[in-house]
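Take a look at the structure set out below.
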2 protein chains.
Amino acid sequence: MVVTTRTLRTRARILDAALDLFEHQGYDATTVNQIAVAAGITPMTFFRHFPTKDAVLVTDPYDPLIADAVGAQPADLPPLERTRLGLLAALGDITPTEDTTARRRVALVAQSPSLRAAVSVGTDATQQAIADRLVADGADPLDAAIAAAACLAATTTALLAWGSAPSGVTLTDLVRRALAQLAPAGATP
Amino acid sequence: MVVTTRTLRTRARILDAALDLFEHQGYDATTVNQIAVAAGITPMTFFRHFPTKDAVLVTDPYDPLIADAVGAQPADLPPLERTRLGLLAALGDITPTEDTTARRRVALVAQSPSLRAAVSVGTDATQQAIADRLVADGADPLDAAIAAAACLAATTTALLAWGSAPSGVTLTDLVRRALAQLAPAGATP
DNA sequence: CACCGGATGTTAGCGACTAACATTTCATGG
DNA sequence: CCATGAAATGTTAGTCGCTAACATCCGGTG
């Protein structure tokens, strides 16, 4: 879909309506039809802007950045440590613009199992990207997949926790803390 | 549903028909209707035996065992290490009866993203069970959730890899190898 | 103002899943 | 051996997510 003024306006209206409904009556209890009505459009139009219902809340544009950051770490480290440092480099200093809607979305995802399933699909892609990079540098495929899976699981857990954390806590802190637990025997970085 | 002779027969017929169809034409391309016809029943009856289409392949009866095994590890260990040892104790010597259908199922799950999403829902429950146990013994909730998530992600990755591994490889070997990567700086257990 | 491309609507349909009610099967006990 | 009652199955009708083909409308350009 080409991006025009109209496109952006409708997309924003859908997003607002969806977030409101999700927060008021829960994700599963909200129908695409209801969202469409609230946004003044047709269900069909909803799907022209978002491929699925959950895409309103779940978006993962980070894959290539993360894979690159992992690849940028010293290639002689073990896969787990390389992935860990890569994720720290890519996400360690994210400042999510203190955007409230980001937290609203994460909080919603944290509450609904069906949404977490959608997240895991996106995570799968990222995991694959990281593992491919590690294998390209000579890592064993299974070791690479395991390292990517473990580090991403820890990171995702931190992200979900951030959704319902007190407002002072930053996402960066939580991610650093999550990955620190996977560090080799008591190293601070 | 009460378990009678009939119940078991029908369930077995559904399972056979479903596995065959899934392997021949793929999971997503297979309809519950097709499964029902092949099993000589009605779609309605299918759902009386399996709550969802994916339940034919994805079942997780391990939660309590695993949580108990984690709780049985020394309480003074850090959460990650405690979880790791618990999983090793619970899964480290599984001998899946060399049952072929187990591998068939895992292989199918490994191929379809929608099925992996279903797995992640089951994993969520296990993760929660483990984390609860750790928190009950005084662990920090976030640390506990992260430890459980990372260890389970590694284990799940090993499980999926087993689905398409050469037939000599045992699931035990892969799980041990996966969790070994999360061990503190070069310890063999 | 006429035009044209992109955004929206309409209609029709598939597949997963559910509820309410009718029907058949099968293991009992008389 | 057969009647009986409960459990399993079928029927029907519906909701919701999602898709395709085609018609329509709106908005900016010339």
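Numbered from 1 within each chain, the chains take letters A, B, ... in sequence-line order.
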- Are B/Leu108 and A/Val121 connected, step by step, through hydrophobic side chains (Ile, Leu, Val, Met, Phe, Trp, Tyr) whose heavy atoms are closer than 4.5 Å? no
- Item | Salt bridge present between B/Arg11 and B/Asp16 (N-O < 4.0 angstrom) | no
- Message: Are A/Ile35 and A/Phe22 packed together at the side-chain level, in the sense that at least one heavy-atom pair is separated by less than 4.5 angstrom?
- Response: yes
- Task: Quickly work out the B/Leu8 CG to C/dC26 P distance and round it to whole Å.
- Result: 14 Å
- Are A/Thr30 and A/His24 close enough that some pair of their side-chain heavy atoms sits under 4.5 Å apart? no
- Item | Rounded interatomic separation in angstrom, taking CZ from B/Phe47 and P from D/dC16 | 17 Å
- In terms of side-chain heavy atoms, does A/Glu81 have a donor or acceptor partner in A/Gln73 at a distance below 3.5 Å? no
- Message: Without decimals, in angstroms, what is the distance between A/Leu115 CG and D/dG17 C1'?
- Response: 14 Å
- Task: With a 4.0 Å heavy-atom cut-off, tell me which residues in residues 51-58 of chain B come close to DNA chain C, sorted by residue number.
- Result: B/Pro51, B/Thr52, B/Lys53
- Query: Under 4.0 angstrom, heavy atoms only, what part of the nucleic acid is B/Thr30 near: base, sugar-phosphate, or nothing?
  - Reply: sugar-phosphate
- Message: If I take atom CD in residue A/Gln34 and atom P in nucleotide D/dC16, what distance separates them, rounded to the nearest angstrom?
- Response: 8 Å
- Quick one: do B/Arg82 and B/Asp76 make a salt bridge, cutoff under 4.0 Å? no
- Item | N-O pairing of B/Arg177 and A/Asp140 below 4.0 Å | yes
- Query: Would you say B/Gln181's side chain and A/Asp143's backbone share a donor-acceptor pair under 3.5 angstrom?
  - Reply: yes
- Task: Kindly say whether B/Ala110 contributes a backbone atom to a donor-acceptor pair with the side chain of B/Arg116 at under 3.5 angstrom?
- Result: yes
Between the protein and nucleotides 7-11 of chain C, list the N/O to N/O atom pairs that are separated by less than 3.5 angstrom.
| unit_1 | atom_1 | unit_2 | atom_2 | d |
| --- | --- | --- | --- | --- |
| C/dA7 | OP1 | A/Val2 | O | 2.1 |
| C/dA7 | OP1 | A/Thr7 | OG1 | 3.1 |
| C/dT8 | OP1 | A/Thr10 | OG1 | 2.6 |
| C/dT8 | OP2 | A/His49 | NE2 | 2.8 |
| C/dG9 | OP2 | A/Thr42 | N | 3.0 |
| C/dG9 | OP2 | A/Thr42 | OG1 | 3.2 |
| C/dG9 | OP2 | A/Thr45 | OG1 | 2.5 |
| C/dG9 | O5' | A/Thr42 | OG1 | 3.3 |
| C/dG9 | N7 | A/Arg48 | NH1 | 3.4 |
| C/dG9 | O6 | A/Arg48 | NH2 | 2.6 |

- Spacing of B/Ile35 atom CD1 relative to D/dT9 atom P, expressed in whole Å: 16 Å
- Item | B/Arg13 CZ to C/dT25 P, straight-line distance once rounded to whole Å | 13 Å
- Atom-to-atom span, OH of A/Tyr27 to C1' of D/dC16 - whole angstrom: 12 Å
- Note on the structure: note: A/Asn33, atom CG; D/dG17, atom P; distance rounded to Å ~ 8 Å
